[in-house]
2 protein chains.
Amino acid sequence: MATVIPDSTPEQDSGQRIARRSLHDEVVERLRDLIVEGELEPGKRVPERVLCERFGISRTPLREALKVLASEGLVELLPNRGAVVAPLTVVELDEIIEVMVALEGLAGLLAASRMSDAGIVEVKALHYEMLACHARADLHSYFKLNQAIHLAIIEGAGNATLVQTYGALNGRIRRFRYMANLSGARWDHAVAEHEEILAALTRRDSALLSRLLSDHLRNKYQHLKQAYEAEAQAAE
Amino acid sequence: MATVIPDSTPEQDSGQRIARRSLHDEVVERLRDLIVEGELEPGKRVPERVLCERFGISRTPLREALKVLASEGLVELLPNRGAVVAPLTVVELDEIIEVMVALEGLAGLLAASRMSDAGIVEVKALHYEMLACHARADLHSYFKLNQAIHLAIIEGAGNATLVQTYGALNGRIRRFRYMANLSGARWDHAVAEHEEILAALTRRDSALLSRLLSDHLRNKYQHLKQAYEAEAQAAE
DNA sequence: GCATTGAATTTTGCATTCAAAATGCTAGCA
DNA sequence: TGCTAGCATTTTGAATGCAAAATTCAATGC
């Protein structure tokens, strides 16, 4: 995450050209999106020239952005041979999840005691919105609300470093979320887990919330991993 | 951490000029050292021009390095006003330790079951070397061995992402270690904790090792924090 | 004497340029 | 036909150049 103190330029996303705030920071975000959304494929070279033209910028800010993304682990820099989108092996995926499970646990522990009542109410609202999406089988909105709930809980831990650390890891695996295609049973189960999570948060049961969040991520990952391995196999 | 695949250039640190591997990556390391060692003071501006001359490089690689360090949280980029060494507030220190405690706990959990016998033997050797330093009251060497032990355990968890994540956070607080001046009683206590840690690791007691490592870091931090707050107060 | 304004200087952000490395292509040879 | 050497092209890494923003500082007015 680029620690740039943003100036107060408003978020006018109307133009496709880059103009607002520091250029390189904008480019970092754009590139990250391209990678997360899969437009830049893992293992493939990041075409400097093409992207420069596409963004209407010179190579300097683009290269700065690549360095930042490399430090986040999203791309790999090969000396004198440019940048490639970091491919994520199953081993790395396992590693990242292992760490994230611990961080979710920490978030639960802290959020249960530190989150404001208003925060809990907000999570509750998001939860019910998410249930609505489940009922409508609106997977895309469900994912977004799901992410929003987890983010709200992590932010509720009142630890900006935790938010940042979790976010960096989440960024590396987020692109796989695009593949996860919840089957009916698994989806129902996930929703049931969320019910428990909400209940534990409402009761401010630290130990339970911690455990539930960790388990939930582990379970989610089981599914994600199966989908990934299936895809990886299919890709051969 | 800059994810650069290093080429096989040997680590010849003889000359003060930068020549080996990708320049920007070298600069990142050098700048990090300057910050960690306190030569660049927190809150102060990072003088681009001066550092360029000092390193004998142009502004481009230096600026790239600053972007990377910003993403690590070591510096803050102020748009149009350059970079400053990120000052670490007590609140941020608290946050970082909170996350690191969780990561140490995870490391203990994993290392107890995954570490090789050879790895445990190595930790044991480091441990006794450290005891020797304690006996000789050689604080500097003690610190180095202490760090080596913790690193060995964290690496013993067999999770590169954990190593990297922990390392990034550790980098942000390492400069404070330079202040920590272990009092006799506290030092003895720390050594006693290390004895317990080694015993738990030898017995491969996951739960215990996890708890001990977390507690140990928390305790260490108590001391560190007091020293920091005393210093901060004295600085006024 | 102090605050304010505005010009000179410095610093920053990005584009451009240049040299070195890597890549691709062609031709020559077995 | 297949392989390799050598050249041309492209791409990368870093230096330099240039315009805009910020800072400094002195002169002016109060």
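Keep in mind that the numbers below use all heavy atoms, side chains included, and drop hydrogens, waters and symmetry copies. So that the names make sense, note that chain A is the first sequence line, chain B the second, and so on, each numbered from 1.
The CG-C1' distance, from A/Leu51 to D/dT12, rounds to 15 Å in whole Å. For the pair A/Phe55 CZ and C/dC14 C1', the interatomic distance rounds to 16 Å; values are reported in whole Å. We find that CZ of B/Arg49 is positioned 13 Å from C1' of D/dA15, with the value rounded to whole Å. For the pair B/Lys67 NZ and D/dG13 P, the interatomic distance rounds to 17 Å; values are reported in whole Å. At whole-Å resolution of the value, CD in A/Glu48 and P in D/dG13 are 7 Å apart. One atom, CG of B/Leu77, and another, C1' of C/dC14, lie 14 Å apart when rounded to the nearest Å. Between the CG atom of B/Asn80 and the P atom of C/dT10 there is a distance of 19 Å, rounded to whole Å. Counting to the nearest Å, the P atom of D/dT23 and the CG atom of B/Leu78 are 9 Å from each other.
Put simply, the residue from B/Leu34, B/Leu74, B/Val75, B/Val84 that forms a side-chain contact (heavy atoms from CB on, under 4.5 Å) with B/Leu40 is B/Leu34. Checked options B/Val28, B/Val46, B/Val27; the residue passing with B/Leu62 is B/Val27 (criterion: side-chain contact (heavy atoms from CB on, under 4.5 Å)).
For the 3.5 Å distance criterion, the side chains of B/His223 and B/Asn219 fail to qualify, holding no donor opposite an acceptor.
In this structure a side-chain-to-backbone donor-acceptor pair under 3.5 Å is present from A/Ser113 to A/Leu110. Between the side chain of B/Glu95 and the backbone N or O of A/Ala160, at least one donor-acceptor pair lies under 3.5 Å. At least one donor-acceptor pair closer than 3.5 Å links the side chain of B/Arg114 to the backbone N or O of B/Ala157.
Less than 4.0 Å separates DNA chain D from at least one heavy atom of each of the following residues of residues 58-66 of chain B: B/Ser58, B/Arg59, B/Thr60, B/Pro61.
Within the 4.0 Å cut-off from OP1 or OP2 of C/dT12, not a single side-chain nitrogen or oxygen of B/Arg81 is found.
Among the nucleotides D/dT12, C/dC14, C/dT11, the one closest to any side-chain atom of B/Arg45 is C/dT11.
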